[in-house]
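First up is the structure itself, then whatever we jot down about it.
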There are 2 protein chains.
Amino acid sequence: MSRDVRVRFGERLREVRTGHGISQERLAALAELHRTFVSLIERGERNVTLQTVEKLALALDVEMAELMPVQEQ
Amino acid sequence: MSRDVRVRFGERLREVRTGHGISQERLAALAELHRTFVSLIERGERNVTLQTVEKLALALDVEMAELMPVQEQ
DNA sequence: GTGTGACTTAAAGTCCGTC
DNA sequence: AGACGGACTTTAAGTCACA
């Protein structure tokens with residue numbers, strides 16, 4: 001069984017965000033999301049919707065697909 | 001301004017589902033979702049969560065990223 | 001700069017049905 | 001096989017104070 005998609009997405013988001021060298025606060029501002037909400041997402045405690053994924057992707061200037069975790073065995 | 005992510009995702013899902021030659025009802029059963037919900041999604045009336053995207057991807061045997069719509073101008 | 005618990009309200013998702 | 005409606009339950013969105 002694969003780990004929770006929330007956790008895998010959170011890890012993926014953190015990878016991309018740190019790869020861009022920006023803070024959670026900065027990402028939150030760019031995506032027009034609350035700072036604590038970004039924190040919750042990266043810790044795998046929120047099962048985000050596609051609209052939130054889109055906001056994050058636009059803020060990070062990547063395709064939504066790039067934020068998707070890969071299926072695990 | 002890009003069209004709503006819900007509409008774009010619904011179109012993408014329908015493409016992949018019909019590409020697999022299965023009905024909404026069959027997809028719903030495979031993904032353990034309700035047939036009415038799959039209908040709502042394909043019509044762009046639901047902003048699905050990552051857990052739902054994962055269920056659909058597993059049911060269709062594709063990566064979650066393959067169900068993601070591409071950013072429009 | 002980030003983690004966390006608690007909270008309200010908006011929307012996801014279910015289940016019955018008809019056309 | 002799929003669109004659509006109504007009523008319902010559950011959960012995400014979004015925010016706050018505080019650590």
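Since the model is a prediction, treat every value here as computed from it, not as a measurement. Reminder, nothing fancy here: chain letters follow the sequence lines and each chain counts from 1.
Both B:Arg35 and A:Leu40 lie near DNA chain D, and the one whose nearest nucleotide falls closer to the 5' end is B:Arg35.
Under 3.5 Å, the side chains of A:Arg14 and A:Thr18 contain no donor-acceptor pair of N or O atoms.
The salt bridge (charged side-chain N to carboxylate O under 4.0 Å, His left out) with A:Glu42 is formed by just one residue from the set A:Arg8, A:Arg6, A:Arg17, A:Arg35; it is A:Arg17.
OP1 or OP2 of D:dA12 has not a single side-chain nitrogen or oxygen of A:Thr52 nearer than 4.0 Å. OP1 and OP2 of D:dG2 both lie 4.0 Å or more from every side-chain N or O belonging to B:Ser39.
Atom-to-atom distance recorded for B:Thr49:OG1 and A:Phe9:CZ is 11.5 Å, nearest 0.5 angstrom. For the atom pair CG (A:Leu30) and NZ (A:Lys55), the distance works out to 13.0 Å, reported to the nearest 0.5 Å.
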Show your reasoning for whether side chain to side chain contact (heavy atoms under 4.5 Å, CB included) applies to B:Glu25 and B:Val38. CA-CA 8 Å; B:Glu25 284 186 334; B:Val38 173; over 6 Å; no
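The stretch residues 18-30 of chain A touches DNA chain C through A:Ser23, A:Gln24, A:Glu25, each having a heavy atom under 4.0 angstrom from the strand.
The pair A:Glu72-A:Arg3 meets the salt-bridge criterion, with a side-chain N (NZ, NE, NH1 or NH2) lying under 4.0 Å from an Asp/Glu carboxylate O. With respect to B:Arg12 and B:Glu15, a salt bridge is recorded, a charged nitrogen being found less than 4.0 Å from a carboxylate O.
Within the nucleic acid shown, B:Arg14 comes within 4.0 Å of sugar-phosphate atoms alone, with no base atom in reach, counting heavy atoms only. At the heavy-atom level, A:Val48 lies under 4.0 Å from the strands shown only through sugar-phosphate atoms.
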Taking only nitrogen or oxygen atoms into account, show me every contact under 3.5 Å that the protein makes with nucleotides 5-11 of chain D, one pair per line with its distance.
none

